[in-house]
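Naming convention: chains lettered A, B, ... in sequence-line order (proteins, then strands); numbering from 1 in each chain.
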2 protein chains.
Amino acid sequence: MDIAEVSRLSGLAPSALRYYEKIGLIQPNGRKGLRRQYAKKIINKLNLISLARMAGLSLNEIMTMFNESDELSIDRYLLAQKASEIDVQIKRLQAIRDSLNHVASCPQSDHLQCPSFQQLMKSVKPCSP
Amino acid sequence: MDIAEVSRLSGLAPSALRYYEKIGLIQPNGRKGLRRQYAKKIINKLNLISLARMAGLSLNEIMTMFNESDELSIDRYLLAQKASEIDVQIKRLQAIRDSLNHVASCPQSDHLQCPSFQQLMKSVKPCSP
DNA sequence: TTACAACTTGAAGTCGGCTTTAAGTCAAGG
DNA sequence: CCTTGACTTAAAGCCGACTTCAAGTTGTAA
């Protein structure tokens with residue numbers, strides 16, 4: 001497969017694929033002339049990368065997930081830890097959503113003083129953006 | 001209150017407060033000499049700003065939430081819409097978390113092919129990072 | 001009065017994750 | 001064989017939200 005095909009199948013721009021290669025995250029199988037040729041299994045790897053990106057992992061973190069043979073050599077503990085971080089994030093988002101709904105429905109301009117709002121803010125504050 | 005006090009109470013760096021002022025998001029009450037002096041209610045505004053930031057709103061979006069008197073002049077529809085966007089985000093995060101847990105617990109290297117994983121990936125794909 | 005910590009400014013720098021640009025190369029169809 | 005569109009490169013640019021820097025000013029305690 002050439003880069004356009006990989007781009008189409010993975011949903012990642014060719015420039016992103018070249019970027020991933022530059023930082024050592026992926027490797028083409030070889031070249032035909034100058035052109036990169038990829039094995040099909042790269043798609044799986046890219047899907048996994050996308051998943052990890054969406055989970056909030058940085059590309060550097062993601063690099064530690066694969067060994068030289070492109071197999072997952074995951075620190076499963078790290079992954080489980082990430083999963084629970086996401087759980088925390090979910091709870092924060094729920095609190096934020098509730099706060100937004102409160103602000104949206106409370107007609108007072110001083111709802112900032114409203115006990116329930118204050119409570120929500122507290123549950124949200126601990127982590128910064 | 002001077003800027004250090006506001007920083008302490010709001011959890012925002014002085015440089016961030018100056019930045020917010022530069023883009024027109026906040027205003028000090030006045031100056032003592034060169035130094036900014038803030039009214040206490042700025043803390044409420046800053047808390048609200050932090051909340052909105054955590055909810056994923058940009059500073060530009062946040063600016064539209066206040067009128068000239070620093071009162072919330074919210075497009076409540078916009079807020080409710082944001083709240084439901086967050087709901088979507090929560091559902092995505094739940095799917096991502098489930099995917100991570102799957103990857104972390106599935107010992108096969110080809111779990112990428114595993115139907116349940118494929119299913120999770122699908123539910124996660126629609127939105128890009 | 002003097003020292004000095006804490007403020008002030010505008011401009012430039014940082015971060016990650018790409019995208020864009022400009023200039024060049026080349027595989028493959030006609 | 002020639003064209004051409006898809007690739008190639010290195011380097012620069014972009015985004016938002018700040019932070020850092022260098023140089024200057026000033027409120028306040030001693």
Quiz prompt | Pair of N/O donor and acceptor under 3.5 Å linking dA27(C) base with Arg35(A) side chain | solution = no

Quiz item: Less than 4.0 Å between a side-chain N and a carboxylate O, is that true for Arg35(B) and Asp2(B)?
Solution: no

Quiz item: Has the side chain of Lys82(A) got a donor or acceptor atom that lies under 3.5 Å from a matching backbone atom of Gly56(A)?
Solution: no

Exercise. Return the 5'-most residue of the pair Leu17(A), Gly33(A) with respect to DNA chain C, ranking by each residue's nearest nucleotide.
Key: Leu17(A)

Practice problem: For the side chain of Ala4(B), starting at C-beta, report the closest nucleotide among dC7(C), dT20(D), dC7(D). | Solution: dC7(C)

Exercise. Determine: side-chain N/O of Lys32(A) to OP1/OP2 of dA28(C), distance under 4.0 Å, yes or no.
Key: yes

Quiz item: Which part of the nucleic acid does Ile23(B) contact within heavy-atom distance under 4.0 Å: base, sugar-phosphate only, or nothing?
Solution: nothing

Quiz item: Between atom CD in Glu5(B) and atom P in dG27(D), what is the gap in whole Å?
Solution: 19 Å

Exercise. Return yes if the base of dC7(D) and the side-chain atoms of Arg36(A) contain a donor-acceptor N/O pair under 3.5 Å, otherwise no.
Key: no

Quiz item: Quick one: does Arg18(B) reach the base of dT9(C) with a side-chain donor-acceptor pair under 3.5 Å?
Solution: no

Quiz prompt | Shortest side-chain distance from Ala16(B), nucleotide among dT19(D), dT8(D), dA28(C) | solution = dT19(D)

Practice problem: Give Asp2(A) one of three labels, base, sugar-phosphate or nothing, depending on what nucleic acid heavy atoms sit under 4.0 Å from its own. | Solution: sugar-phosphate

Exercise. Consider only side-chain N and O atoms of Arg92(B) and Gln89(B), and report whether a donor and an acceptor are under 3.5 Å apart.
Key: yes

Practice problem: Using atom NZ of Lys22(A) as one end and atom P of dG16(C) as the other, report the distance to the nearest whole Å. | Solution: 14 Å

Quiz item: Rounding to a whole Å, what distance do you find between Leu46(B):CG and dC18(D):P?
Solution: 11 Å

Quiz item: Considering only dG17(C), dT20(D), dA17(D), which nucleotide approaches the side chain of Tyr19(B) most closely?
Solution: dA17(D)

Quiz item: Looking for any heavy atom pair under 4.0 Å, which part of the strands does Leu59(B) touch: base, sugar-phosphate only, or nothing?
Solution: sugar-phosphate

Quiz prompt | Out of dC18(D), dG27(D), dA28(C), whichever nucleotide has its closest atom nearest the side chain of Tyr20(B) | solution = dC18(D)

Practice problem: State which of dT8(C), dG17(C), dT8(D) makes the closest approach to the side chain of Arg53(A). | Solution: dG17(C)

Quiz prompt | Candidate nucleotides dT19(D), dT19(C), dC7(D), ranked by approach to the side chain of Ile3(A) - the nearest | solution = dC7(D)

Self-check item: Contact summary for Ser69(B) and Lys41(B), nearest pair of heavy atoms
Solution: O-NZ, 3.9 Å

Practice problem: Would you kindly give the CD-to-C1' distance between Glu61(B) and dG16(D), to the nearest whole Å? | Solution: 12 Å

Quiz prompt | Carboxylate-amine/guanidinium contact Arg18(B) Glu21(B), below 4.0 Å | solution = no

